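Worksheet for the structure shown next.
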Amino acid sequence: MWVWFAKLGSPKWFYELSTKWLPWLVVATVVVIGTATVWALLFLPPDYQQGYTSRILVVHVAVAGTSLAFFPLMAVAGTITLVWKMKLADMVAKNAAALGAWFSFITLATGSIWGSVSWGTWWEWSDSRLVSMLFQFFLLLGVVSLRSALEESDKAAKACALLSIVGCINVVVIKYSVEWWNTLHQPASPVSIESGSANGPEFWIATALMILGVYLFLSLSLILSTRNEILMRERRSLWVQELMSTEK
Amino acid sequence: MDLLNAIQFESWAEFVDMGGYAFNVWAVYGLFVVFIAVNIIVPLQRRKTLLRDLRRRQNIDAQVALNRQSASVAGAVDNAVNDSVAETAKVVGTGQNAQQGETS
Amino acid sequence: MKPHRRKKLGSILFIALGLSVAAGLTLYALKQNINMFFTPSQVAGGEVPKGQHFRIGGMVKDGSIAREDDSLSVNFVTTDFISEVPIHYVGILPDLFREGQGIVAEGVVDTAGVFQASKVLAKHDENYMSPEVKAALDAAGTSTEGSLPSEGYKPQY
């Protein structure tokens, strides 16, 4: 089992495997996001209250839900870095932070655009869901700048790993903020595909598809930037040198 | 066709209007497209420049190794021990500099 | 697992646990401050000091909206199905403001006991459905709107 674990952490192994799987991931991402977008924009019936602004929520819910995956992902990678000193884990964590900041920003922006018409406000400082999501955005920017501030990469990796583990607390706060406190933000929707239940099936199929698509996109973007990181950090190793002379 | 009937709009104008929420809906979907495009294009662009830089570095290293080789051969032939030692030290020095430059 | 690794993993878990407990206690202590609004019951129960600027959240009572013809002035009643608070507001209301829906209003209670709102925000509930589904639910009598406080308004505890 430990042999397998060590192999998983080998940058070379990851690079070669991802080369094989990348085309399929690209196809899957394009197909799923494309289908979900067309469905949402053309076929999704208007909400009985909000009209077509419910289409905004398909994107918002998918990106927001996915953005909560970053701190747990970075915390797991960070723990592996701290305990087993696996090189690959830190490369993933480093690139995840910047991507996570993007996810958080898009969550805030799309939510604001929806809120401006539905709630009648772009932003409410008193809403704990909104503020905790903003906090996640700043935390991720913090991880990114911590990494660039500490030049010694080993020290930077350790500091970022610790911050990532601590940041997971905020994810729990974001998730349960709408249940623990009263907020302007609505609580999470009950997922239901049965028609005749409180949630119409149309909205949830579109959203579920979009969530899947956004997760595929996350993996794609993260794998692309991790591959760059591998080439950069392993540039002196024999396999990268050989790769340079063969691959275009 | 069923699929066409399921489309919520009768006309192109109606589709663009989004029931009066054109600005909000299209702003969000526009943002979404930019978000995806940037986070795919930037890593691809970075890969391009990275590969170019690494190749260039590889060529420089190969050149340095070649110089080092020819310098030591020349030294042996001339049998000018002092000169060759000085020369080799210089070449090795530049080689090390190149390597240090790489790490920064 | 090697002993030094186990030790390291243990200390990481310990730090994470400690911080979680600390965060949990802090948030618990701040509970009331983090809540966005008071409910009509809390207002009726005198939990809000007199003359203070605060937010109130509840449902717009069915049939309570009274608009004035010549101005943007509107009166309505907000309820949590236990207590009610009348609200007066002058201004443009958000798109989702309607009877039976949740709102959050910001302002003060005047001497007559009317909440003078300077801002009214509409809450949306967590249910999204098409008008057809909504109509079918209403016909079947299974709609939750207006009958349960779960829609657009969450009871305090």
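Note that this is a predicted model, so its numbers are computed, not measured. In what follows, chains are A, B, ... by sequence order, proteins preceding strands, each numbered from 1.
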Q: With rounding to the nearest 0.5 Å, note down the distance linking CG in Leu31(B) to CD1 in Ile106(A).
A: 4.0 Å
Q) What distance do Leu51(B) atom CG and Asn228(A) atom CG have between them, rounded to the nearest 0.5 Å? A) 8.0 Å
Q: Please examine the side chains of Phe23(B) and Val117(A), heavy atoms only from C-beta on, and report whether any two atoms are closer than 4.5 Å.
A: no
Q) Does the side chain of Met232(A) reach to within under 4.5 Å of the side chain of Leu50(B), using non-hydrogen atoms? A) yes
Q. Do Phe32(B) and Val58(A) have side-chain heavy atoms sitting under 4.5 Å apart?
A. no
Q | chain A contact via Val38(B) - which portion, at a heavy-atom distance below 4.5 Å | A | side chain
Q.
Would you say that Tyr21(B) contacts Ile113(A) through its side chain, given a criterion of any heavy-atom pair below 4.5 Å between the two side chains?
A. no
Q: Determine whether more than 12 heavy atoms belonging to other residues, nucleotides or ligands lie under 6.0 Å from atom CZ of Phe15(B).
A: yes
Q) Rounded to the nearest 0.5 Å, how far apart are CE of Met244(A) and CZ of Arg56(B)? A) 13.5 Å
Q: Could you tell me the separation between the CZ atom of Arg47(B) and the CG atom of Leu231(A), rounded to the nearest 0.5 Å?
A: 6.0 Å
Q. Can you name the closest pair of heavy atoms from Ser225(A) and Pro43(B) and give their distance?
A. N-CB, 4.1 Å
Q.
Take a 6.0 Å sphere around CZ of Phe35(B) and say whether it holds more than 12 heavy atoms from other residues, nucleotides or ligands.
A. yes
**Q.** Heavy-atom side-chain proximity of Arg57(B) to Arg235(A) below 4.5 angstrom
**A.** no
Q) Which atom pair, heavy atoms only, marks the closest approach of Leu220(A) to Ile40(B)? A) CD2-CD1, 3.6 Å
Q.
Centroid separation under 6.0 Å, is that true for the rings of Phe9(B) and Tyr52(A)?
A. yes
Tell me which donor-acceptor pairs under 3.5 Å the side chains of residues 25-47 of chain A have, and how far apart each pair is, sequence neighbours excluded?
residue: Thr29(A); atom: OG1; partner: Leu25(A); partner atom: O; Å: 2.6
residue: Thr35(A); atom: OG1; partner: Val31(A); partner atom: O; Å: 2.6
residue: Thr37(A); atom: OG1; partner: Ile33(A); partner atom: O; Å: 2.7
residue: Asp47(A); atom: OD1; partner: Met129(C); partner atom: N; Å: 2.9
residue: Asp47(A); atom: OD2; partner: Gln49(A); partner atom: N; Å: 3.0
residue: Asp47(A); atom: OD2; partner: Gln50(A); partner atom: N; Å: 2.9

Q: Applying salt bridge (charged side-chain N to carboxylate O under 4.0 Å, His left out), name anything that partners Lys85(A), two or more places apart in sequence or on another chain.
A: none
Q. Any chance CH2 of Trp21(A) has more than 12 other-residue heavy atoms, nucleotides or ligands included, within less than 6.0 Å?
A. no
Q: Go through the atoms of Phe103(A) and report whether side chain, backbone, both or neither lie under 4.5 Å from a heavy atom of chain B.
A: both
Q: Side-chain contact test, heavy atoms from C-beta onward, threshold under 4.5 Å: evaluate it for Val28(B) versus Arg55(A) and give yes or no.
A: no
